[in-house]
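Working notes, beginning with the structure itself.
This structure is a prediction, so every number in the text was calculated from the model and none was measured. In what follows, chains carry the letters A, B, and so on, assigned in the order in which the sequence lines appear, proteins first and then strands, with residues in each chain numbered from 1.
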There are 2 protein chains.
Amino acid sequence: MVDRVVRVIAAFPEGVSVLQLSELAERAGLPLTTAHRLVRQLAQHGLLEAGAGGSVRLGLRLWELVNRNSPTLALRQAAMPFMEDIQHVLNQNVNLAVLDGWEALFVERLSRRGSVANRAQIAGRLAVHVSSAGLALMSHQPRSVQTEYLEQFTDPAGKVTAEELRALLSEAAHQGYAQLAGVIDPDTWGIAVPVLDGRKLAVAALGVVVPLREVRLQALVPALQTAARGIGRRLGDAGTLTQFRSTESL
Amino acid sequence: MVDRVVRVIAAFPEGVSVLQLSELAERAGLPLTTAHRLVRQLAQHGLLEAGAGGSVRLGLRLWELVNRNSPTLALRQAAMPFMEDIQHVLNQNVNLAVLDGWEALFVERLSRRGSVANRAQIAGRLAVHVSSAGLALMSHQPRSVQTEYLEQFTDPAGKVTAEELRALLSEAAHQGYAQLAGVIDPDTWGIAVPVLDGRKLAVAALGVVVPLREVRLQALVPALQTAARGIGRRLGDAGTLTQFRSTESL
DNA sequence: CAACTTATACCGTTGAATGGAAGCAGAACG
DNA sequence: CGTTCTGCTTCCATTCAACGGTATAAGTTG
């Protein structure tokens, strides 16, 4: 039963890499016996690794398989040189995100030089309406997607209404970039631009996070846009990611 | 049946991220019908994504789950700053590998500045005896592991005997680093040093790949060793990776 | 237009997943 | 040093969900 397998793999809380069997069973909502059997099977195939005393973590083999054939590989490869350029020229944290559901999923990140490397945000998510990357992506989606998004939108924090959001998206669409006061750190700004593939579809967002006082949009935005165009050109027409967003056919 | 799931995920050839359903079925050794059902189920849970016309690729959600809880995360985070140091000081390709089975699995890599970013080697594997990283790792494994390795060793290419290999390992153990003529590119050298955790176990190897003529061991090795010690200190005693290599208990 | 390749739906059989009960460590406690 | 508790592991009879052959549809090629 594939559902169980997913439950086990997804049972690891963010950032936690090792779990106790009993805890894993509970988190996955599985009877201990079943979890035990499943873990053993998965471990035999290398998707999981089991240490002494019932400790469990994701397997190296799983990591290998996923990263070898990563759906984001082409995108990241195309983007990396340009992200390095931004990192060198602006000396700021640079990140790359794609749209998944109504959230921005961060797929790559470079820290500003000198700061401690922080891989934490990689594979992290932020809701569209609280991230400049999310806004940049959503503002360049087909109108049908935007409509659907706005219709279902409700801010759990109650800080922004659907109408305000519509205005934000419209503004971002016209300006060609999105900006937003930092969510995690209130003293920072996020600024992001869409990466358009050959068909003018926003397949990713390229963004920076900068300290509030250093806001120099005039310097940041053109650099980001230039880099984004470079990435888009490398991607070619094979939108790579977007074609799968379509209605599931299977 | 978990075996089928693994077969499907592992069916993607290295570097290929999208496959046709029929091709996937064949590669996985599954009846088309079964593959179809499995893919649909996996896609529902986000481990796979199915596009129009039976195209299949790994799911963003799978990528996210694996990279959020990556077994190599702690290691990579500890190593990144030092890898950047090496990259800046030596201006060479830097890579980080762990031992998995009798192969070195590359978990992180930085390209020399200026060269085109090449993420290809990440999640790649090289046999122990053809990679400096592999030799550096193996030469600092417990004697029992080395013995087991040497006993089963046979070079399919027939270029090196077990005895020569034993000498190589012994030399690497004494020198504290391993070097090897490039395998992929004959005009390059690989040089790697072990990263020892608090218990003096080699949990990783830090290496560079340099053009043949630029060989300056006197300059490279001390830098690598210094960085490796720095990484090891950051890892602390929690050997993180090695403790799982133990005999599977489940 | 015909012959083919490739994806999707259907469905009766069967074998493999299931999870409760019981056994076993090892640790914590008195 | 014995007791109890917690958490991992093994066993096994029941049952239910996976299986894959056949059939159909859709799309492609010669």
Side-chain angles (χ1 to χ4, degrees), chain A residues 1-13 16-59 62 71 237-239 242-250, chain B residues 1-13 16-59 62 71 237-238 243-250:
Chain A
M1 182 49 139
V2 64
D3 180 60
R4 320 301 262 271
V5 174
V6 178
R7 298 262 279 283
V8 167
I9 295 179
F12 291 82
V16 173
S17 69
V18 57
L19 231 47
Q20 212 60 11
L21 178 55
S22 50
E23 195 182 350
L24 179 66
E26 189 177 8
R27 283 184 180 278
L30 259 45
L32 179 62
T33 308
T34 306
H36 177 256
R37 178 166 22 87
L38 215 43
V39 166
R40 182 174 33 178
Q41 289 178 350
L42 290 168
Q44 273 171 0
H45 292 278
L47 296 206
L48 254 45
E49 288 175 23
S55 53
V56 180
R57 62 167 195 194
L58 298 186
L62 177 59
D237 292 348
T242 329
Q243 59 192 340
F244 281 81
R245 193 99 54 225
S246 62
T247 53
E248 69 304 320
S249 51
L250 284 179
Chain B
M1 183 47 141
V2 62
D3 180 60
R4 320 298 262 270
V5 174
V6 178
R7 298 261 280 283
V8 167
I9 295 178
F12 290 82
V16 173
S17 69
V18 57
L19 230 48
Q20 210 60 10
L21 178 56
S22 52
E23 194 181 350
L24 179 66
E26 189 178 8
R27 283 182 180 278
L30 259 46
L32 180 61
T33 308
T34 305
H36 178 253
R37 179 167 24 85
L38 255 183
V39 166
R40 181 172 36 175
Q41 289 178 350
L42 289 169
Q44 271 170 0
H45 292 278
L47 296 205
L48 254 45
E49 287 175 22
S55 54
V56 180
R57 61 167 196 195
L58 297 186
L62 177 59
D237 292 349
Q243 60 192 339
F244 281 81
R245 193 99 54 227
S246 63
T247 53
E248 68 304 319
S249 52
L250 285 179

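- Computed from coordinates, the R4(A) CZ to dG19(C) P distance equals 5 Å when rounded to whole Å.
- Heavy atoms of S22(A) sit under 4.0 angstrom from primed sugar atoms or phosphate atoms, though from no base atom.
- Where L30(B) and L32(A) meet DNA chain D, the nucleotide closest to each residue was compared, and L32(A) sits on the side nearer the 5' end.
- For the pair R40(A) CZ and dG7(D) P, the computed distance is 20 Å after rounding to whole Å.
- Scanning both residues, A11(A) and L19(A), for their nearest heavy atoms gives O-CD2, 4.1 Å.
- Remark: Q20(A) is not in phosphate contact with dT6(D), judged by side-chain N or O atoms under 4.0 Å from OP1 or OP2.
- Side-chain nitrogen and oxygen atoms of T34(A) include none within less than 4.0 Å of the OP1 or OP2 phosphate oxygen of dT18(C).
- Nearest approach of V56(A) to F12(A), heavy atoms of both residues: O-CE2, 3.6 Å.
- In this structure, the CG atom of L38(A) is 15 Å from the P atom of dC8(D), given to the nearest Å.
- Between the CG atom of L24(B) and the P atom of dT6(C) there is a distance of 14 Å, given to the nearest Å.
- Candidate nucleotides dG19(C), dG20(D), dT10(D) were compared by shortest atom distance to the side chain of T33(B), and dG20(D) ranks first.
- If you measure from atom CD of E26(A) to atom P of dT6(D), you get 14 Å, rounded to the nearest angstrom.
- R7(A) has its CZ atom 10 Å from the P atom of dG19(C), to the nearest Å.
- For L21(A), whose side chain is taken as the heavy atoms from C-beta onward, the closest listed nucleotide among dG19(C), dC8(D), dT6(C) is dC8(D).
- Considering only side-chain N and O atoms, H36(B) lies nowhere under 4.0 angstrom from the phosphate OP1 or OP2 of dA7(C).
- Atom CE in M1(B) sits about 19 Å away from atom P in dT14(C), given to the nearest Å.
- Across every non-hydrogen atom of L58(A) and P71(B), the tightest pair is O-CG, 3.4 Å.
- Within the nucleic acid shown, R37(B) comes within 4.0 Å of at least one base atom, counting heavy atoms only.
- We find that CG of D3(A) is positioned 15 Å from C1' of dC16(D), with the value rounded to whole Å.
- Nearest approach of R57(A) to S17(A), heavy atoms of both residues: CB-O, 2.7 Å.
- Closest heavy-atom contact between V16(A) and V18(A): CG1-O, 3.4 Å.
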